[in-house]
Amino acid sequence: MSSKKNTKKVSDSEDDDFEEEEDESEGSGEEDSAENSVKEEEDEEEEENGDNEIKEEDNADTKIEVKDENEDDEEEEEFKPSINGNKRKNDTPVEKAAGLSNAKQVKTSGGDAVKKPVQKQQDSDDEDDENSDIKWKYLEHHGVLFPDYWQKHNVRPRYDGKPIDLNLLQEEMATYWSQTLGTDWEHKPKYRENFSKQFLDTFGKDKGKYDFDKFDFTPIKIHLEEQKEIRKNRSKEEKNQEKQKKERLSDYYAGAILDGFREKVGQFMIEPPTLFKGRGEHPKMGMMKGRIQPEAVVINISKDAPVPKCSVPGHGWSEIVHKQDVTWLASYKDDSVKKQHKYIFLSAESKLKAENDKKKYEKARRLKNLIGQIRENYERKLRSSDPVDRQLGTATYLIDKLALRVGNEKSEEEADTVGCCSLRVEHIQVIEDTQIGFDFLGKDSMRYQNTVKVTEIVWKNMQSFIKNKKPGDDLFDRIDASSLNEYLKSQMEGLTAKVFRTYNASHTLQKELDKADEEGLDKMDLKDKLNFYDEANRNVAILCNHQKTVGKNFDVMVGKMEQRINVYKDYEKELHTHLNKCKKNGVNAYEKEVILEEKDDGKHKMFVKKFPGTKEKIQEAIEKIKKKIDEEQNKKQSKEKNKEIALGTSKTNYNDPRISVVWCKKWEVPVEKVFPKTLIAKFVWAMDTDLEWSF
DNA sequence: TGGTCTACTTAGAACTATAGGA
DNA sequence: TCCTATAGTTCTAAGTAGACCA
């Protein structure tokens, strides 16, 4: 399968996606106006059906060293350059386009490499972008979708026992707060503190008159529960209608064209306002994430692409830009909680993302070829007389052996988490027998707790790095993330700490899966083969410290499983007893009904098993229940093993998909048993990897 | 040189759909 | 056919890293 399948050729039949729908929107709100915008464009599309077919240019990335056997397939596609049929309007002034009353001047970037107008570039065989940062030649999309404005429900909370009127913003905030009542968030002091301060601030000069503790939001909470119930009980028809409406919006906004191919947009909805829920002990949790208006949104499209309509009446985009050196379709600044930029990108299955993904793994494979020399080099540094070199060597050792992240500096306004370079004295313990204990919070405040035996020189270095330091002091006080990466770059072009993680993860997966022969995989059934694969994947997840929090009813679930196993075992025992009786007495007909388990209330029988009537049937039943016991035990074991381990992250981000594809082919395992639909789409470029390939 | 900005990937939690067992 | 556990998907927070600037 080639990356051709990754993108869709824009054809007449596919334009049907945008065919006119019956207008069934009634209420108000942004989605409705967005829907109108969907409809309007669909109408226009019907009118304009020109035939602007253009030949695609060769867009292959020459930097990829290993040639994809199917690259050739991509080259000779024809396309029509508009999302809605063939609506390219070279001469459409951007200012004239709908929703653009507020749009600022148009910018173009992409470095000096962008000298010619886009249309010209598309029509010519230019070679000058081979080494430039140009990410696309033609880009067209429908902009972004805005969440509904707040609609008042007029349910009043109580203040000091009496109902209190709230204005629009207060009601909105109070409702977001009420949503978190009964969850862990409610009891986090910082969450409460941040929210209550901002909430009281909305009372302006009267804020001093109010005490947050005297607010009772139960009425809103009850209202939310009622609404949830109503939603749950909607008729099939209503649910269907809503689903279709959602799909229609998605079809519209998720459609983009990049260099002649239809591509899917990732998350196209602007993040709705809510209370910020940072991970770990985030100092800003509970603060209000503000509403983003179109005036904050920058749209990135081709100069000659139609400007997307802004779906919010009376509003317009901040700017229309034509930055060919970036991959984002839209961006906005959100400074309400923390200063940050948000982006709308193409989805993971797009050609652009896929190419980057492939490059990432190719870089990791390059590291594989050089790792011996690189290790020798940093091991030399471990013994250097220069303390900076000793720290560089030691940090690289930890990144290589433990797959630690590099650890950039963080501000006071974020949760206190660390990576390799930001480790502090209190995070490590130098233990006898050349062991080092690690205990710190990493990305997403996930705890990394590990005791490792290291080489003597590393152990001595670590000991010297903490000497005369107190808790709070940096372990590596002479290096930081950028100086470390600078050193890594001197070892291999493009090498950063992140590449080690990808390399070590993929290398581990390959190594583990290569044990298939000695494990006798050929004699295993599909279930066991998949267990073997999961086990290999688990090793990667452990290496990378990919965790998940244990579900609240984990113990209950395991308890139930145990109970079930015991019931099955009892049944098996009884079957044996009766089989023996049958054999002894020569009685074949034997029937008995047993209750194997009762529900908690004791009223309902969960399992009712009849004993079979003949010896043969008893024997059959024994075999059946034995199998069931086995299955249930395996299920329980794997549940316990995976209790705190997240297997998905390594699959999505670290394991070269070609390793899994080849393994699946070799052992006749359908690839969809290993990758869900979305990952197959993301890794479409890896699907026809040759059987001989290895990482 | 260090701080900030920008662009992109990686990450777990929350939400939703689906499968499988009764 | 219904219910619920699990798998799969979506959402957005939290990283990395290069560019830029004073």
Side-chain angles (χ1 to χ4, degrees), chain A residues 109 111 133 135 183-185 243 246 250 266-272 274 276-280 282 284-285 289 298 300 323 325-328 331 333-334 337-343 345-348 352-353 356-357 360 405-411 414-415 417-422 441-446 480-486 488-489 494 496-499 501-502 505 541 544-549 551 553-554 556-557 560-561 564 596-597 599 604-608 628 632 635 638-639 642 644-654 672-673 675-681:
Chain A
S109 81
D133 293 327
K135 304 284 168 56
T183 69
D184 291 345
W185 291 101
K243 201 180 159 193
K246 220 175 146 188
S250 176
Q267 181 63 21
F268 51 77
M269 164 91 106
I270 297 287
E271 289 175 21
T274 182
F276 175 70
K277 293 179 187 76
R279 307 260 164 89
H282 201 291
K284 298 203 166 181
M285 64 170 87
K289 274 179 61 173
V298 178
N300 192 26
K323 286 161 78 80
D325 58 338
V326 295
T327 63
W328 53 264
S331 74
K333 246 177 135 179
D334 179 6
V337 174
K338 43 185 178 172
K339 275 192 169 183
Q340 60 183 340
H341 282 93
K342 300 268 182 175
Y343 299 91
F345 293 109
L346 289 177
S347 73
L352 211 55
K353 293 274 184 196
N356 282 350
D357 220 25
K360 173 181 80 182
R405 295 186 186 82
V406 72
N408 283 306
E409 299 224 348
K410 294 189 74 184
S411 82
E414 296 167 279
T417 62
V418 297
C420 184
C421 293
S422 47
L441 296 182
K443 183 179 179 182
D444 291 312
S445 293
M446 289 292 125
D480 60 19
S482 62
S483 64
L484 180 70
N485 277 334
E486 208 175 300
L488 294 178
K489 265 179 205 71
T496 65
K498 206 186 83 162
V499 185
R501 253 170 101 75
T502 313
C544 296
N545 198 40
H546 293 144
Q547 295 185 33
K548 62 176 188 220
T549 45
N553 54 356
F554 179 87
V556 179
M557 290 298 159
K560 270 188 186 171
M561 281 175 147
R564 204 169 293 145
L596 289 162
E597 197 181 328
K599 275 198 171 174
H604 305 96
K605 292 166 188 173
M606 238 175 115
F607 303 112
V608 179
K628 220 163 180 186
E632 198 71 15
K635 235 161 93 180
S638 97
K639 198 176 166 71
N642 289 335
E644 292 178 287
I645 300 169
L647 296 179
T649 311
S650 47
K651 248 187 211 181
T652 314
N653 302 300
Y654 289 103
E672 56 272 19
K673 295 283 174 195
F675 291 137
K677 219 166 61 192
T678 44
L679 282 190
I680 291 182

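Labels below follow one simple rule: chain letters A, B, ... track the order of the sequence lines, proteins then strands, and each chain is numbered from 1.
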In whole angstrom, what separates [X]'s [atom1] from [N]'s [atom2]?
X        : N      : atom1 : atom2 : result
A:Lys548 : C:dA5  : NZ    : P     : 15 Å
A:Lys443 : C:dT16 : NZ    : P     : 8 Å
A:Arg501 : C:dG15 : CZ    : P     : 12 Å

All N/O contacts under 3.5 Å from nucleotides 8-12 of chain C to the protein, with atom names and distances to one decimal?
{"unit_1": "C:dT9", "atom_1": "OP2", "unit_2": "A:Thr678", "atom_2": "OG1", "d": "2.5"}
{"unit_1": "C:dC11", "atom_1": "OP2", "unit_2": "A:Gln267", "atom_2": "OE1", "d": "2.0"}
{"unit_1": "C:dC11", "atom_1": "OP2", "unit_2": "A:Gln267", "atom_2": "NE2", "d": "3.2"}
{"unit_1": "C:dC11", "atom_1": "O5'", "unit_2": "A:Gln267", "atom_2": "OE1", "d": "3.4"}

key: Counterpart residues, side-chain contact (heavy atoms from CB on, under 4.5 Å), relative to A:Glu672 (two or more places apart)   = A:Pro670, A:Ile680
query = Residues two or more places apart in sequence or in another chain: which of them pass side-chain contact (heavy atoms from CB on, under 4.5 Å) with A:Gln267?
reply =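 Here the qualifying residues are A:Met269.
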Looking at every strand, decide which applies to [X] at a 4.0 Å heavy-atom threshold: base, sugar-phosphate, or nothing.
X        : answer
A:Thr549 : sugar-phosphate
A:Gly442 : sugar-phosphate
A:Asn485 : sugar-phosphate

ask   = Ignoring hydrogens and angles, are the base of B:dT9 and the side chain of A:Lys498 linked by a donor-acceptor pair under 3.5 Å?
value = no
Could I get a table of every N or O pair under 3.5 Å where one atom is in the protein and the other is in nucleotides 14-16 of chain B?
none

request  = Would you check if the side chain of A:Lys338 reaches a backbone N or O of A:Glu414 as a donor-acceptor pair within less than 3.5 Å?
outcome  =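 The answer is no, because no donor-acceptor pair under 3.5 Å joins these two groups.
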query = Relative to the 5' end of DNA chain C, which residue comes earlier, A:Met557 or A:Glu409, by the nucleotide with the nearest heavy atom?
reply =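 Closest to the 5' end, via its nearest nucleotide, is A:Met557.
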Identify the pairs formed between an N or O of the protein and an N or O of nucleotides 4-7 of chain B at a distance under 3.5 Å, and give each distance.
{"unit_1": "B:dT6", "atom_1": "OP2", "unit_2": "A:His341", "atom_2": "NE2", "d": "2.9"}
{"unit_1": "B:dA7", "atom_1": "OP2", "unit_2": "A:Trp328", "atom_2": "NE1", "d": "3.4"}
{"unit_1": "B:dA7", "atom_1": "OP2", "unit_2": "A:Tyr343", "atom_2": "OH", "d": "3.1"}

Would you tabulate the pairs of protein nitrogen or oxygen atoms and nucleotide nitrogen or oxygen atoms of nucleotides 19-22 of chain C closer than 3.5 angstrom?
none

